[in-house]
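Since the structure comes first, as structure tokens, the remarks are kept for the end.
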Amino acid sequence: MFGLSEIAILLVVVALVVGAKKLPELARNAGKASRILKAEAREMKADGARREPAATYTVRETPASEDR
């Protein structure tokens, strides 16, 4: 039977074969996300307080239709 290390190696090989064209884009996006997270963490430490989120969402209840 396969062990954990063999399964991990197999998954890496499959990911490289199937997604070889997408890997540079995925790595670039992961780097951007990491930089954004680090910058936000530094900014929150500098502010000393939690900031409100930039966007707020409201949930509206829709009336139940009488057709049912």
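What you see is a predicted model, and the numbers here were worked out from it, not measured in a lab. For the single chain, residues carry numbers from 1 onward in sequence order.
To the nearest 0.5 Å, atoms CG (Asp47) and CD (Glu40) are separated by 9.5 Å.
Partners of Ile7 by side-chain contact (heavy atoms from CB on, under 4.5 Å), not counting sequence neighbours, listed by chain and number: Phe2, Leu11. For Arg35, the side-chain contact (heavy atoms from CB on, under 4.5 Å) partners at least two apart in sequence or on another chain are Lys32. Remark: Leu4 engages no residue in a side-chain contact (heavy atoms from CB on, under 4.5 Å) (not counting sequence neighbours).
In terms of modelled atom types and a separation under 3.5 Å, the side chain of Glu25 and the main chain of Lys22 share no donor-acceptor contact.
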